[in-house]
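Since the structure is predicted, the reported quantities are computational estimates derived from the model, not experimental observations.
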Amino acid sequence: MKTPVAFLILALSCGLAKAADCGPDRLGTARIAEIGTQGGLAVGLKTYPRTIPLADHEVILTFDDGPESATTPPILEALARECVRATFFDIGRKVEATPDLARREVAEGHTVAYHTYSHPQPTMRDMDKKEARADILRGMIAVEKAAYGVDFSAGAPTDLAGLKPHAPFFRFPGFADTPDLGAWFAANNIGIMGTDIWASDWNPMTPKAELKLIMTRLEASKRGMILFHDSHQWTADMMPDFLSELKKRGYRVVHMVAGPGNGPVANAPAGWKSETGSSLR
(Lines give C-alpha, C1' and ligand atoms only; values in the text may rest on other atoms or scores of the structure.)
Protein backbone atom coordinates (compact mmCIF):
# COMPACT_ATOMS: atom_id res chain seq x y z
CA MET A 1 0.00 0.00 0.00
CA LYS A 2 1.63 3.25 -1.12
CA THR A 3 0.81 6.78 -2.27
CA PRO A 4 2.20 7.61 -5.75
CA VAL A 5 4.79 10.39 -5.68
CA ALA A 6 3.20 12.02 -8.74
CA PHE A 7 -0.09 12.31 -6.87
CA LEU A 8 1.56 14.10 -3.95
CA ILE A 9 3.38 16.48 -6.30
CA LEU A 10 0.09 17.32 -8.04
CA ALA A 11 -1.66 18.00 -4.74
CA LEU A 12 1.20 20.19 -3.50
CA SER A 13 1.48 22.17 -6.73
CA CYS A 14 -2.28 22.83 -6.83
CA GLY A 15 -2.21 23.99 -3.23
CA LEU A 16 0.71 26.35 -3.85
CA ALA A 17 -0.92 27.79 -6.95
CA LYS A 18 -4.10 28.58 -5.05
CA ALA A 19 -2.19 30.06 -2.10
CA ALA A 20 -0.52 32.51 -4.47
CA ASP A 21 -3.93 33.96 -5.40
CA CYS A 22 -4.97 34.62 -1.80
CA GLY A 23 -4.84 38.23 -0.68
CA PRO A 24 -6.26 40.32 2.17
CA ASP A 25 -9.56 40.75 0.33
CA ARG A 26 -10.30 37.02 0.76
CA LEU A 27 -11.71 35.39 3.88
CA GLY A 28 -8.75 33.00 3.93
CA THR A 29 -7.75 30.26 6.32
CA ALA A 30 -6.50 31.88 9.51
CA ARG A 31 -4.62 28.96 11.01
CA ILE A 32 -4.06 25.19 10.99
CA ALA A 33 -5.21 23.11 13.97
CA GLU A 34 -3.23 19.88 14.35
CA ILE A 35 -5.50 17.36 16.08
CA GLY A 36 -3.89 14.28 17.61
CA THR A 37 -5.90 11.06 17.81
CA GLN A 38 -3.44 8.74 19.53
CA GLY A 39 -5.42 6.41 21.80
CA GLY A 40 -8.69 7.70 20.36
CA LEU A 41 -10.58 10.97 20.53
CA ALA A 42 -14.25 11.95 20.59
CA VAL A 43 -15.09 15.63 20.16
CA GLY A 44 -18.01 17.86 19.21
CA LEU A 45 -20.37 19.44 21.74
CA LYS A 46 -23.56 18.18 20.12
CA THR A 47 -22.52 14.69 21.20
CA TYR A 48 -19.49 14.76 23.51
CA PRO A 49 -18.51 16.83 26.59
CA ARG A 50 -15.41 18.20 24.85
CA THR A 51 -14.47 19.82 21.58
CA ILE A 52 -11.56 21.28 19.61
CA PRO A 53 -10.38 24.51 21.26
CA LEU A 54 -11.29 27.59 19.25
CA ALA A 55 -10.92 31.26 20.05
CA ASP A 56 -13.77 33.73 19.85
CA HIS A 57 -14.99 34.04 16.22
CA GLU A 58 -13.09 30.95 15.01
CA VAL A 59 -14.87 28.24 13.02
CA ILE A 60 -14.04 24.88 11.48
CA LEU A 61 -16.03 24.04 8.34
CA THR A 62 -16.98 20.42 7.66
CA PHE A 63 -19.08 18.73 4.98
CA ASP A 64 -20.72 15.29 5.04
CA ASP A 65 -22.23 12.85 2.53
CA GLY A 66 -20.31 13.76 -0.63
CA PRO A 67 -18.92 13.91 -3.09
CA GLU A 68 -21.82 14.71 -5.43
CA SER A 69 -21.20 15.70 -9.04
CA ALA A 70 -23.87 18.43 -9.02
CA THR A 71 -23.23 20.09 -5.68
CA THR A 72 -19.65 19.43 -4.50
CA PRO A 73 -17.95 21.37 -7.35
CA PRO A 74 -19.73 24.70 -6.68
CA ILE A 75 -18.93 24.34 -2.98
CA LEU A 76 -15.26 23.72 -3.81
CA GLU A 77 -15.31 26.73 -6.12
CA ALA A 78 -16.81 28.95 -3.41
CA LEU A 79 -14.16 27.78 -0.92
CA ALA A 80 -11.37 28.31 -3.45
CA ARG A 81 -12.50 31.85 -4.26
CA GLU A 82 -12.19 32.74 -0.59
CA CYS A 83 -9.03 30.65 0.02
CA VAL A 84 -10.83 28.61 2.66
CA ARG A 85 -9.96 25.03 3.58
CA ALA A 86 -12.45 22.60 5.05
CA THR A 87 -12.83 18.94 6.03
CA PHE A 88 -14.93 16.60 3.91
CA PHE A 89 -16.30 13.40 5.46
CA ASP A 90 -16.79 11.37 2.29
CA ILE A 91 -18.91 8.26 1.72
CA GLY A 92 -16.96 5.37 0.23
CA ARG A 93 -19.45 4.36 -2.47
CA LYS A 94 -19.62 7.99 -3.63
CA VAL A 95 -15.85 8.42 -3.97
CA GLU A 96 -15.82 5.23 -6.04
CA ALA A 97 -18.43 6.82 -8.31
CA THR A 98 -16.70 10.24 -8.49
CA PRO A 99 -12.99 9.68 -7.71
CA ASP A 100 -12.04 12.85 -9.59
CA LEU A 101 -13.94 14.94 -7.03
CA ALA A 102 -12.28 13.16 -4.10
CA ARG A 103 -8.86 13.82 -5.67
CA ARG A 104 -9.83 17.44 -6.28
CA GLU A 105 -10.73 17.92 -2.61
CA VAL A 106 -7.24 16.83 -1.59
CA ALA A 107 -5.50 18.72 -4.43
CA GLU A 108 -7.19 21.95 -3.33
CA GLY A 109 -5.85 21.58 0.19
CA HIS A 110 -8.84 20.19 2.04
CA THR A 111 -8.80 17.37 4.58
CA VAL A 112 -10.72 14.31 3.35
CA ALA A 113 -11.89 11.93 6.07
CA TYR A 114 -14.39 9.10 6.47
CA HIS A 115 -18.15 8.63 6.77
CA THR A 116 -18.65 4.87 6.15
CA TYR A 117 -19.01 3.10 2.81
CA SER A 118 -22.79 2.95 2.50
CA HIS A 119 -24.13 5.47 5.06
CA PRO A 120 -26.26 2.73 6.69
CA GLN A 121 -29.91 3.47 7.41
CA PRO A 122 -31.25 4.21 9.85
CA THR A 123 -27.93 4.05 11.79
CA MET A 124 -24.96 1.80 12.51
CA ARG A 125 -26.53 0.89 15.84
CA ASP A 126 -28.87 -1.39 13.90
CA MET A 127 -26.01 -3.35 12.34
CA ASP A 128 -24.14 -6.44 13.46
CA LYS A 129 -20.75 -5.48 14.95
CA LYS A 130 -18.79 -7.34 12.27
CA GLU A 131 -20.91 -5.86 9.49
CA ALA A 132 -20.50 -2.33 10.87
CA ARG A 133 -16.72 -2.65 11.07
CA ALA A 134 -16.58 -4.01 7.52
CA ASP A 135 -18.64 -1.10 6.16
CA ILE A 136 -16.40 1.45 7.88
CA LEU A 137 -13.16 -0.19 6.72
CA ARG A 138 -14.43 -0.52 3.15
CA GLY A 139 -15.32 3.16 3.15
CA MET A 140 -11.92 4.19 4.49
CA ILE A 141 -10.12 2.09 1.88
CA ALA A 142 -12.24 3.64 -0.87
CA VAL A 143 -11.35 7.15 0.31
CA GLU A 144 -7.66 6.33 0.67
CA LYS A 145 -7.58 4.95 -2.86
CA ALA A 146 -9.67 7.63 -4.58
CA ALA A 147 -8.73 10.77 -2.65
CA TYR A 148 -5.14 10.08 -1.66
CA GLY A 149 -4.07 7.75 -4.46
CA VAL A 150 -3.05 4.86 -2.23
CA ASP A 151 -2.16 1.73 -4.20
CA PHE A 152 -3.83 -1.39 -2.82
CA SER A 153 -2.85 -3.63 -5.73
CA ALA A 154 -0.87 -5.86 -3.35
CA GLY A 155 -4.01 -6.34 -1.26
CA ALA A 156 -6.22 -4.14 0.88
CA PRO A 157 -6.10 -4.51 4.67
CA THR A 158 -8.72 -6.72 6.28
CA ASP A 159 -8.74 -4.82 9.56
CA LEU A 160 -8.28 -1.23 10.64
CA ALA A 161 -4.94 -2.09 12.23
CA GLY A 162 -3.52 -2.63 8.73
CA LEU A 163 -4.54 0.80 7.43
CA LYS A 164 -2.57 4.03 7.84
CA PRO A 165 -5.17 6.72 7.13
CA HIS A 166 -4.06 10.12 5.90
CA ALA A 167 -6.71 11.86 8.00
CA PRO A 168 -7.59 9.71 11.04
CA PHE A 169 -10.99 11.35 11.55
CA PHE A 170 -14.34 9.55 11.36
CA ARG A 171 -17.87 10.90 11.67
CA PHE A 172 -20.74 8.57 12.48
CA PRO A 173 -23.80 8.95 10.25
CA GLY A 174 -26.49 10.40 12.48
CA PHE A 175 -23.87 10.67 15.26
CA ALA A 176 -24.91 7.11 16.17
CA ASP A 177 -21.76 5.81 17.84
CA THR A 178 -21.50 2.42 19.58
CA PRO A 179 -19.23 1.18 22.40
CA ASP A 180 -17.71 -1.50 20.16
CA LEU A 181 -16.84 0.91 17.36
CA GLY A 182 -15.62 3.52 19.81
CA ALA A 183 -13.21 1.02 21.36
CA TRP A 184 -12.10 -0.17 17.90
CA PHE A 185 -11.31 3.38 16.81
CA ALA A 186 -9.46 4.16 20.05
CA ALA A 187 -7.33 1.04 19.70
CA ASN A 188 -6.36 2.15 16.20
CA ASN A 189 -5.83 5.87 16.89
CA ILE A 190 -8.87 7.11 14.98
CA GLY A 191 -10.67 10.23 16.20
CA ILE A 192 -14.46 10.47 16.27
CA MET A 193 -15.63 13.86 15.06
CA GLY A 194 -19.02 15.10 16.09
CA THR A 195 -19.85 18.77 15.63
CA ASP A 196 -20.61 21.87 17.66
CA ILE A 197 -23.11 23.51 15.31
CA TRP A 198 -25.24 22.05 12.57
CA ALA A 199 -26.92 23.77 9.69
CA SER A 200 -29.84 21.30 9.73
CA ASP A 201 -29.46 21.23 5.96
CA TRP A 202 -30.74 17.65 5.84
CA ASN A 203 -34.08 19.49 5.77
CA PRO A 204 -34.98 21.12 2.44
CA MET A 205 -34.94 24.90 2.72
CA THR A 206 -34.09 27.95 0.68
CA PRO A 207 -30.48 29.16 0.68
CA LYS A 208 -31.67 32.36 2.36
CA ALA A 209 -33.37 30.41 5.15
CA GLU A 210 -30.31 28.24 5.68
CA LEU A 211 -28.03 31.26 5.87
CA LYS A 212 -30.25 32.92 8.44
CA LEU A 213 -30.45 29.71 10.50
CA ILE A 214 -26.73 29.00 10.59
CA MET A 215 -25.72 32.59 11.28
CA THR A 216 -28.23 32.81 14.14
CA ARG A 217 -26.74 29.69 15.68
CA LEU A 218 -23.18 30.84 15.11
CA GLU A 219 -23.81 34.26 16.59
CA ALA A 220 -25.17 32.55 19.72
CA SER A 221 -22.00 30.49 20.26
CA LYS A 222 -19.43 32.77 18.56
CA ARG A 223 -17.26 29.77 17.60
CA GLY A 224 -17.38 26.09 16.74
CA MET A 225 -17.09 23.25 14.28
CA ILE A 226 -19.96 23.56 11.77
CA LEU A 227 -21.58 20.67 9.91
CA PHE A 228 -22.91 21.11 6.36
CA HIS A 229 -23.75 18.55 3.67
CA ASP A 230 -22.17 19.04 0.27
CA SER A 231 -24.85 16.75 -1.17
CA HIS A 232 -27.61 19.40 -1.05
CA GLN A 233 -28.27 22.08 -3.65
CA TRP A 234 -29.48 24.65 -1.13
CA THR A 235 -26.18 24.42 0.74
CA ALA A 236 -24.19 24.75 -2.48
CA ASP A 237 -26.24 27.80 -3.46
CA MET A 238 -25.83 29.36 -0.01
CA MET A 239 -22.09 28.83 0.41
CA PRO A 240 -20.80 32.01 -1.32
CA ASP A 241 -23.09 34.20 0.80
CA PHE A 242 -22.17 32.28 3.94
CA LEU A 243 -18.44 32.83 3.39
CA SER A 244 -19.09 36.48 2.64
CA GLU A 245 -21.07 36.79 5.86
CA LEU A 246 -18.25 35.20 7.86
CA LYS A 247 -15.82 37.77 6.51
CA LYS A 248 -18.21 40.65 7.12
CA ARG A 249 -18.73 39.63 10.76
CA GLY A 250 -15.06 39.05 11.52
CA TYR A 251 -15.02 35.25 11.71
CA ARG A 252 -11.80 33.32 11.02
CA VAL A 253 -11.57 29.85 9.52
CA VAL A 254 -9.44 27.14 11.13
CA HIS A 255 -8.37 24.13 9.08
CA MET A 256 -8.29 20.78 10.89
CA VAL A 257 -5.48 18.34 10.03
CA ALA A 258 -3.96 15.26 11.62
CA GLY A 259 -1.39 15.95 14.34
CA PRO A 260 0.72 14.16 16.95
CA GLY A 261 -0.35 13.02 20.40
CA ASN A 262 -3.92 13.38 21.60
CA GLY A 263 -6.05 16.50 21.34
CA PRO A 264 -5.96 19.34 22.25
CA VAL A 265 -9.50 19.51 23.59
CA ALA A 266 -11.64 22.01 25.45
CA ASN A 267 -14.20 20.78 27.98
CA ALA A 268 -17.90 21.52 27.64
CA PRO A 269 -19.42 24.25 29.81
CA ALA A 270 -21.24 23.42 33.04
CA GLY A 271 -24.67 21.94 32.47
CA TRP A 272 -23.74 20.36 29.14
CA LYS A 273 -25.97 17.57 27.80
CA SER A 274 -25.59 15.41 24.70
CA GLU A 275 -28.21 16.14 22.06
CA THR A 276 -27.63 12.94 20.10
CA GLY A 277 -27.82 10.15 22.68
CA SER A 278 -24.16 9.21 22.64
CA SER A 279 -23.11 5.83 24.03
CA LEU A 280 -19.56 7.14 24.60
CA ARG A 281 -18.14 9.60 27.09
Side-chain angles (χ1 to χ4, degrees), residues 11 14-15 18 27 29 44 46 59-121 139-140 142-144 146-148 166-167 169-175 193-211 213-215 217-218 224-246 253-257:
C14 287
K18 289 195 173 293
L27 172 60
T29 300
K46 288 293 185 184
V59 295
I60 295 172
L61 306 185
T62 70
F63 296 86
D64 284 9
D65 288 6
E68 288 279 356
S69 57
T71 49
T72 301
I75 287 175
L76 288 172
E77 288 155 16
L79 296 172
R81 280 194 298 271
E82 291 297 332
C83 302
V84 167
R85 294 183 180 182
T87 297
F88 289 83
F89 291 90
D90 281 355
I91 295 174
R93 62 177 174 80
K94 290 190 176 184
V95 302
E96 288 182 344
T98 56
D100 55 324
L101 284 179
R103 287 193 293 270
R104 178 179 170 183
E105 288 169 351
V106 172
E108 295 187 5
H110 304 292
T111 297
V112 179
Y114 319 98
H115 198 47
T116 74
Y117 181 82
S118 66
H119 203 290
Q121 298 295 332
M140 294 177 75
V143 169
E144 287 294 308
Y148 294 104
H166 281 76
F169 308 140
F170 179 85
R171 180 174 278 155
F172 280 97
F175 306 99
M193 298 294 162
T195 193
D196 302 320
I197 305 169
W198 47 53
S200 297
D201 59 347
W202 49 79
N203 297 314
M205 65 183 83
T206 66
K208 183 177 180 180
E210 184 178 353
L211 179 61
L213 177 63
I214 190 61
M215 292 311 303
R217 291 173 174 174
L218 182 54
M225 182 192 299
I226 306 173
L227 166 64
F228 295 104
H229 291 78
D230 58 308
S231 54
H232 295 313
Q233 189 64 53
W234 43 91
T235 295
D237 292 343
M238 180 213 65
M239 196 52 52
D241 289 338
F242 170 70
L243 297 175
S244 177
E245 199 67 23
L246 288 183
V253 176
V254 175
H255 182 211
M256 178 172 65
V257 301

(request) Identify, with sequence neighbours excluded, every residue that meets side chain to side chain donor-acceptor pair (under 3.5 Å) alongside Arg93. (result)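 Result, side chain to side chain donor-acceptor pair (under 3.5 Å) vs Arg93: none returned.
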Taking [X] for its side chain and [Y] for its backbone only, find out whether a donor-acceptor pair lies under 3.5 Å.
X      : Y      : value
Asp201 : His229 : yes
His110 : Ala86  : yes
Thr98  : Leu101 : no
Thr29  : Arg85  : yes

(request) State yes or no: are the ring centers of Trp234 and Phe228 separated by less than 6.0 Å? (result) no
(message) Applying side chain to side chain contact (heavy atoms under 4.5 Å, CB included) to Tyr114 and Glu144, what does each step give before you reach the verdict?
(response) CA-CA 9 Å; Tyr114 319 98; Glu144 287 294 308; 2.3 Å; yes
Considering non-hydrogen atoms only, spot the tightest contact between [X] and [Y] and give its length.
X      : Y      : value
Gly224 : Asp196 : CA-OD2, 3.5 Å
Thr111 : Tyr148 : C-OH, 4.2 Å
His255 : Gly109 : CE1-O, 3.1 Å
Pro74  : Ala236 : CG-CB, 4.1 Å
Thr116 : Pro120 : OG1-CD, 3.6 Å
Val112 : Ala147 : CG1-CB, 4.0 Å

What distance do [X] atom [atom1] and [Y] atom [atom2] have between them, rounded to the nearest 0.5 Å?
X      : Y      : atom1 : atom2 : value
Met239 : Thr71  : CE    : OG1   : 10.5 Å
Phe63  : Glu105 : CZ    : CD    : 10.0 Å
Thr62  : Ile226 : OG1   : CD1   : 8.0 Å
Thr87  : Met256 : OG1   : CE    : 3.5 Å
Leu27  : Glu82  : CG    : CD    : 5.5 Å
Asp241 : Leu243 : CG    : CG    : 9.0 Å

(message) Going by ring pair (Phe, Tyr, Trp, His ring centres under 6.0 Å), name the residues that satisfy it together with His119, two or more places apart in sequence or in a different chain.
(response) His115
(request) I would like to know whether Ile91 and Ser118 meet side chain to side chain contact (heavy atoms under 4.5 Å, CB included); could you show each step before the answer? (result) CA-CA 7 Å; Ile91 295 174; Ser118 66; over 6 Å; no
(message) Can you confirm whether the side chains of Asp230 and Thr72 place a donor and an acceptor under 3.5 Å from each other?
(response) yes
Quick one: list whatever passes salt bridge (charged side-chain N to carboxylate O under 4.0 Å, His left out) with [X], sequence neighbours left out.
X     : result
Glu68 : Lys94
Glu77 : Arg104
Asp64 : Arg171

Would you check if [X] and [Y] make a side-chain contact, meaning some heavy-atom pair closer than 4.5 Å?
X      : Y      : result
Val59  : Ile197 : no
Asp237 : Thr206 : no
Met193 : Phe89  : yes

(request) Assess whether side chain to side chain contact (heavy atoms under 4.5 Å, CB included) is satisfied between Ile214 and Phe242, documenting all intermediate values. (result) CA-CA 9 Å; Ile214 190 61; Phe242 170 70; 4.0 Å; yes
(request) Determine the sole option in His232, Glu245, Glu210, Met205 for which the side chain to side chain contact (heavy atoms under 4.5 Å, CB included) test with Met238 is passed. (result) Glu210
(request) Go through the steps for Phe175 and Leu227 under the test side chain to side chain contact (heavy atoms under 4.5 Å, CB included), then give the verdict. (result) CA-CA 12 Å; Phe175 306 99; Leu227 166 64; 3.5 Å; yes
(request) Mind checking side chain to side chain contact (heavy atoms under 4.5 Å, CB included) for Ala97 and listing every partner two or more places apart, or none if nothing turns up? (result) none
